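Please read the structure below before turning to the comments.
All residue numbers in this chain count up from 1 along the given sequence. Here the structure is a predicted model, which means the values were calculated and not measured. These values consider heavy atoms only, across backbone and side chains, with no hydrogens, waters or symmetry-generated copies.
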Amino acid sequence: MATDQAAANGPGAPQSDAARAAFPRFEQTFPTLTETEIDRMRRFGEVRQYKNGERLFETGKVGPGMFVILSGHVSITQRDGLGHVTPVIEQGPGQFLAEVGQLSGRHALVDGTAEGDVETLLIPSQSLRALLVAEADLGERIMRALILRRVALIQAGVGGPVLIGSPSLVGVVRLQGFLSRNGIPHHVLDPATDTDAADLIARYSPSPADLPLVVAPDGTVLRNPSETDLAYAMGMIGGPIKDKLYDVAVVGGGPAGLATAVYAASEGLSVAVLDARHFGGQAGASARIENYLGFPTGISGQALAGRAYNQAQKFGADLMIPVEAKSLDCSKSGGAFGLTTECGHFLKAKSIVVASGARYRRPAIENLDKFEGRGVWYWASPIEGKLCAQQEIILVGGGNSAGQAAVFLSGHASKVRMMIRSGGLADSMSRYLIDRIMATPNIELMIHTEIVRLEGAEGGLERVHWRNRRTGIETAGDIRNVFLFVGADPATAWLKGCGVELDRTGFVVTGSQCEEGKPVSGLETSVPGVFAVGDVRSGSVKRMGGAIGEGAQVVAALHGFLGDKLAQPR
């Protein structure tokens with residue numbers, strides 16, 4: 001057992017300078033607990049013993065929770081689907097084994113093997129969440145360590161799937177974006193430069209349509225999988241939920257949906273969150289947000305969304321991503337709403353929060369669909385930034401998201417042509433972003449301008465034609481990457497036929513806009529018990545701060561609705 005003095009002296013297992021260098025915030029990432037702290041944790045777990053060489057947890061299999069080492073040492077190694085084993089770190093008495101995925105019982109990303117006889121305190125996922133809430137100071141240290149460990153795995157490319165294919169291949173870019181936006185570690189091997197990747201290509205003899213190959217941690221090889229197929233292979237999606245009745249199901253994992261999940265779960269409601277792609281929504285793709293309260297130096301959308309995602313897990317919300325809502329049944333058979341999803345889930349909830357947001361509009365450009373994902377992008381992450389390094393690119397749009405993307409991409413591209421149909425940015429963009437765009441020498445603002453045609457081959461976009469709307473003059477340039485941030489269409493197709501009222505443009509009508517004389521919350525729809533928050537709501541301000549505020553505000557309305565239901569005679 002670790003003593004208080006031993007814990008004060010440093011980690012429970014001696015670490016090399018290389019190990020410390022690999023984890024810049026080493027003491028926070030791998031803290032050592034005192035005997036007193038471990039004693040406070042005992043009520044949340046049970047003691048388990050392991051023999052030399054026995055696995056405590058295994059890559060690609062559901063992790064049992066968090067282990068606190070009472071005696072002995074555990075070696076942590078990374079093992080990919082190609083059979084490569086890489087040492088990560090060794091941990092000893094007083095240290096704990098887990099990363100943020102264990103808050104929700106996800107697959108382990110690394111192996112943990114006993115080095116000699118080991119005694120541990122095993123704290124299952126549900127009890128771990130209870131510990132984080134009940135033991136505030138200790139919980140803060142543990143939570144910080146769990147997050148830092150996941151960040152370290154992502155930065156090092158440790159754990160997760162291996163993508164086999166050229167880094168510029170459309171499928172590689174697509175899957176890299178999906179994994180990155182969901183905070184899943186992964187790495188890419190190019191068969192042109194990596195022998196193992198070339199051997200795998202030779203063994204499976206894939207056709208061009210089969211690329212990229214994806215090797216899951218358990219060794220399963222997938223041929224150019226969809227995001228959903230990859231999510232199943234990674235254990236991101238479990239089996240259908242048949243019996244659980246949630247207090248609230250939130251459709252959409254953007255800022256509004258995550259805010260609803262955090263506040264509702266922290267107040268004791270059982271919460272499920274569904275999103276078709278990744279947490280964070282459009283805001284999650286923002287390179288830097290500088291006008292959100294409390295972050296004077298700015299924060300990336302991915303970092304902010306990731307924090308909210310982890311908070312929701314901490315309070316016990318079930319996050320189901322990528323799971324797309326297909327239809328909503330408002331008949332309330334059995335006293336509950338029914339959500340059917342594209343992947344076969346059927347979920348029951350006493351109330352629904354519509355937070356499915358809006359998607360960037362696809363303008364009427366000739367050949368647009370032909371080049372989506374092959375030179376035409378609706379987001380700007382470091383992955384796309386690398387693709388357009390030292391190239392001239394075009395960015396279309398005049399809102400804050402477009403401005404943030406233009407500034408970010410200007411650090412990669414040789415020139416950013418920023419095109420807008422109107423005569424200026426003042427009506428649609430924050431002043432600080434306008435000033436920054438004007439001060440960036442390789443951003444050229446082109447007003448009254450629109451793209452009219454795209455050209456290219458199977459390899460992707462090669463040439464773009466644009467036109468000045470006032471003069472009618474058409475110009476063409478050799479452009480291989482176009483970024484579109486144009487308006488937004490509501491993601492409300494899944495509400496068809498359920499009775500929820502939409503406005504003429506498809507956004508959800510709420511509150512006073514609903515049927516006259518109907519006493520409803522300002523966020524309740526025309527169907528009692530169904531609420532709408534964020535960009536999907538008609539009349540919302542379409543700003544991240546507003547979406548988060550509505551996500552918090554709706555929880556009071558949920559309590560009111562659920563309280564009324566409980567008070568009704570049976």
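Considering every non-hydrogen atom in both Tyr360 and Tyr378, the closest pair reads CD1-O, 3.5 Å. When all heavy atoms of Leu82 and Val215 are compared, the closest pair comes out as CD2-CG2, 3.9 Å. Taking both residues in full, the closest heavy atoms of Asp229 and Ser226 are given as N-OG, 3.1 Å, listed atom of the first, atom of the second, then distance. Here the closest heavy-atom approach between residue Ser351 and residue Asp247 is recorded as OG-O, 2.7 Å. Residues Asn182 and Arg277 approach most closely at ND2-O, 3.1 Å, considering heavy atoms. Pro255 and Gly280 make their closest contact through CD-O, 3.5 Å (heavy atoms, listed as atom of the first residue, atom of the second, distance).
Less than 6.0 angstrom separates the ring centroid of Phe279 from the ring centroid of Tyr309.
Classification of Arg55 and Glu58 as a salt-bridged pair holds, one side-chain N sitting under 4.0 Å from a carboxylate O. A salt bridge is defined here as a Lys NZ or Arg NE, NH1 or NH2 lying under 4.0 Å from an Asp or Glu carboxylate O, and Arg43 with Glu135 meets this definition. In summary, Glu384 and Lys386 do not engage in a salt bridge, as defined by a charged side-chain N under 4.0 Å from a carboxylate O. Contact check on Asp137 versus Arg141 returns no salt bridge, with no Lys/Arg side-chain nitrogen under 4.0 Å from an Asp/Glu carboxylate oxygen. Between Asp535 and Arg543 no salt bridge is recorded (no basic side-chain N to carboxylate O distance below 4.0 Å). Contact check on Glu227 versus Arg174 returns a salt bridge, with a Lys/Arg side-chain nitrogen under 4.0 Å from an Asp/Glu carboxylate oxygen.
Side chains of Leu103 and Leu128 form a contact here, defined as non-hydrogen atoms less than 4.5 Å apart. Between Ile69 and Leu121 there is no side-chain heavy-atom pair separated by less than 4.5 Å. Lys350 places a side-chain heavy atom less than 4.5 Å from the side chain of Leu562. Side-chain contact between Thr86 and Thr77 is absent, with no heavy atoms from C-beta onward closer than 4.5 Å. Using a 4.5 Å heavy-atom cutoff, the side chains of Pro31 and Gln95 are not in contact. Val162 places a side-chain heavy atom less than 4.5 Å from the side chain of His187. Here the side chains of Val271 and Asp318 are not in contact, with every heavy-atom distance at 4.5 Å or above.
Between Phe30 and Phe26, the ring planes lie tilted relative to each other; the angle falls in the 30° to 60° range.
A donor-acceptor contact closer than 3.5 angstrom links the side chains of Asn400 and Ser430.
Contacts of His107 classified as ring pair (Phe, Tyr, Trp, His ring centres under 6.0 Å), with partners at least two apart in sequence or in another chain: none.
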**Request:** Mind running side chain to side chain donor-acceptor pair (under 3.5 Å) on His73 and Gln91 for me, showing each step along the way?
**Result:** CA-CA 6 Å; His73 293 82; Gln91 296 191 266; over 6 Å; no
**Prompt:** After noting the C-alpha distance and the side-chain angles of Asp111 and Thr113, does the key distance pass the side chain to side chain donor-acceptor pair (under 3.5 Å) rule?
**Reply:** CA-CA 6 Å; Asp111 294 332; Thr113 307; 5.8 Å; no
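Test Lys314, Gln313, Arg129, Gln126 against Ser104 for side-chain hydrogen bond (donor to acceptor under 3.5 Å, both in side chains) and you get one pass: Gln313. Between Ile89 and the choices Thr29, Val110, Ile76, the side-chain contact (heavy atoms from CB on, under 4.5 Å) rule is met once, by Ile76.
A donor-acceptor pair under 3.5 Å links the side-chain atoms of Ser356 to the main chain of Ala491, judged by distance alone.
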